Asks: 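Below is a structure I'd like to ask you about.
Everything numeric here is computed off the predicted structure, so don't read it as measured data. Order of listing sets the numbers, starting from 1, for every ligand and every atom in it.
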Amino acid sequence: LNMSSLQVTEEVREHLKTPIFDNWQWEEAEMLVLLQVMYTDLDFLTAFHIELEVLQNFLFEVYCHYNNIPFHNFQHCFCVTQMMYGLIWLTDLRSKLGRIDLLIMLTSALCHDLDHPGYNNVYQINAQTDLALRYNDISPLENHHCAVAFGILAKPECNILKNLTSEQYKHIRGGMIKCILATDMARHNEILSKFKVIQPVFNFTNRDHKEVLMKIMVKVSDISNEARPMAVAEPWLDCLLQEFFNQSDTEKLKGLPVTPFMDRDKVSKPSSQTNFIQFVLLPLFTELTKLFPCLEQHILEPVRRALEYYSDMERASKEEQSTTKA
Ligand SMILES: COc1ccc(NC(=O)[C@H](C)Nc2nc3c(cnn3-c3ccccc3C)c(=O)[nH]2)cc1
């Protein structure tokens, strides 16, 4: 895999900083080069004395540790990292947060779903898997993703943090653990409530404020598919439902509890998505947009359009059902 083979044009570099970047147009090998561009264009290599070859080894090792499953695969990792990269530029966070905090957010996005098995925490706990046993049912997946990330960083040839001071290393390790563990959706309301309290009085010199913002930025990037053009976003919902249906099929076979919005016999794509957008995405994106008003056009308006799109689809499918019944 010759990473520097793909010459990245200036136009692609600019496009990479926007939320309308279309992941479906790119090969995974090209995505690895684009991830390398994100680290270089944020000046992480000069700031943290990262050798290009070590970065390439790190990115390739991360790529190898994502599994070939319908949703939580390397393409999802790329989308989340690219959205984080775009948000960093759109919000001009480079002028408000230290570069080390930007490194924490981008690397957390990159590593946040490492070695995801395609079965969520509810399954891990109900099926009493090795992960649930190892992590005592406490965010087993997110603990695993983070442990795999630091397992990769423990390899000298992949350790992009090797030339940092021990102070810097401790700060990055602590920040990545907090940000990756924050992606457990079971903690969604806990984290959003905290952000709602501090947002009106946000202070960029306050450590606690910055910590909650970094968690929110990783969370927003993680579930941001609907902020992309519909042609990019809609296939992601099909991939997600494929993974969810695969899990609920297994749960039925094993006589384990089945989550309704994962059951192929119960879930309707439009109604589950309208609920998700209405009750999860819009409140989260609205709160972040209060702190960074420029995000209104970039992520809030596309999500409102997506709500319209799925609401129309829901109405159409209801009408169709009523006519076929009649
Ligand atoms: C509070 O915990 C929750 C809340 C909602 C959901 N998921 C949903 O409501 C449904 C399945 N829709 C949905 N879920 C999504 C999306 C993006 N990520 N994502 C997702 C994937 C895996 C685990 C959790 C979530 C939210 C998306 O666009 N739609 C899953 C967990």
Asks: Heavy atom under 4.0 Å from ligand 1: found in Leu240's side chain, backbone, both, or neither?
Replies: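 The part of Leu240 near ligand 1 is the side chain, not the backbone.
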Asks: How close does the nearest protein non-hydrogen atom get to atom 18 (N) of ligand 1, and which residue and atom is it?
Replies: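 Of the protein heavy atoms, Ile223 CG2, 3.7 Å lies nearest.
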Asks: When you look for heavy atoms under 4.0 Å from ligand 1, do you find them on the side chain of Gln273, its backbone, both, or neither?
Replies: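 Under 4.0 Å from ligand 1, Gln273 contributes side-chain atoms alone.
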Asks: Is a salt bridge present between Arg94 and Asp43, judged by a nitrogen-to-oxygen distance below 4.0 Å?
Replies: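 Looking at Arg94 and Asp43, the cut-off is met.
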Asks: Could you verify whether a donor N or O on one side chain and an acceptor N or O on the other, from Glu226 and Tyr310, lie under 3.5 Å apart?
Replies: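 Yes, side-chain donor-acceptor contact under 3.5 Å.
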Asks: Students should be able to answer this: which protein heavy-atom is nearest to atom 2 (O) of ligand 1, and at what distance?
Replies: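 The closest heavy atom on the protein side is Met185 CB, 3.6 Å.
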Asks: Please identify which atoms of ligand 1 are closer than 4.0 Å to at least one heavy atom of Phe244.
Replies: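 Atoms satisfying the 4.0 Å criterion: 11 (C), 22 (C).
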Asks: Does CD belonging to Glu157 count more than 12 external heavy atoms closer than 6.0 Å?
Replies: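 It does: Glu157 CD has more than 12 such atoms within range.
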Asks: Given that the side chain starts at C-beta and the backbone is N, CA, C, O, which of these parts of Trp236 lies under 4.0 Å from ligand 1, counting heavy atoms, or is it both or neither?
Replies: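 Trp236 to ligand 1: no contact under 4.0 Å from either part.
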Asks: Would you kindly specify which portion of His188 sits under 4.0 Å from ligand 1, judged on non-hydrogen atoms: side chain, backbone, both or neither?
Replies: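 Under 4.0 Å from ligand 1, His188 contributes no heavy atoms.
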Asks: Are His144 and Asp115 linked by a side-chain donor-acceptor pair shorter than 3.5 Å?
Replies: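 A pair is found: one side chain offers a donor N or O, the other an acceptor, under 3.5 Å apart.
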Asks: For Lys155, I'd like to know if atom NZ has over 12 heavy atoms of other residues, nucleotides or ligands within 6.0 Å.
Replies: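 Yes.
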Asks: Give me the residue, atom name and distance of the protein heavy atom closest to atom 6 (C) of ligand 1.
Replies: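 The answer is Phe261 CZ, 3.7 Å.
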Asks: Specify the protein heavy atom at minimum distance from atom 8 (C) of ligand 1: its residue, its atom name, and the distance to 0.1 Å.
Replies: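 Its nearest protein heavy-atom neighbour is Phe276 CD1, 3.8 Å.
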Asks: Do His171 and Asp101 have a side chain donor and acceptor closer than 3.5 Å?
Replies: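 Checked: His171/Asp101 side chains pair up, N/O donor to acceptor below 3.5 Å.
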Asks: Hey, are Gln75 and Glu28 close enough side-chain-wise for a donor-acceptor pair under 3.5 Å?
Replies: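 No pair is found: no donor N or O on one side chain lies under 3.5 Å from an acceptor on the other.
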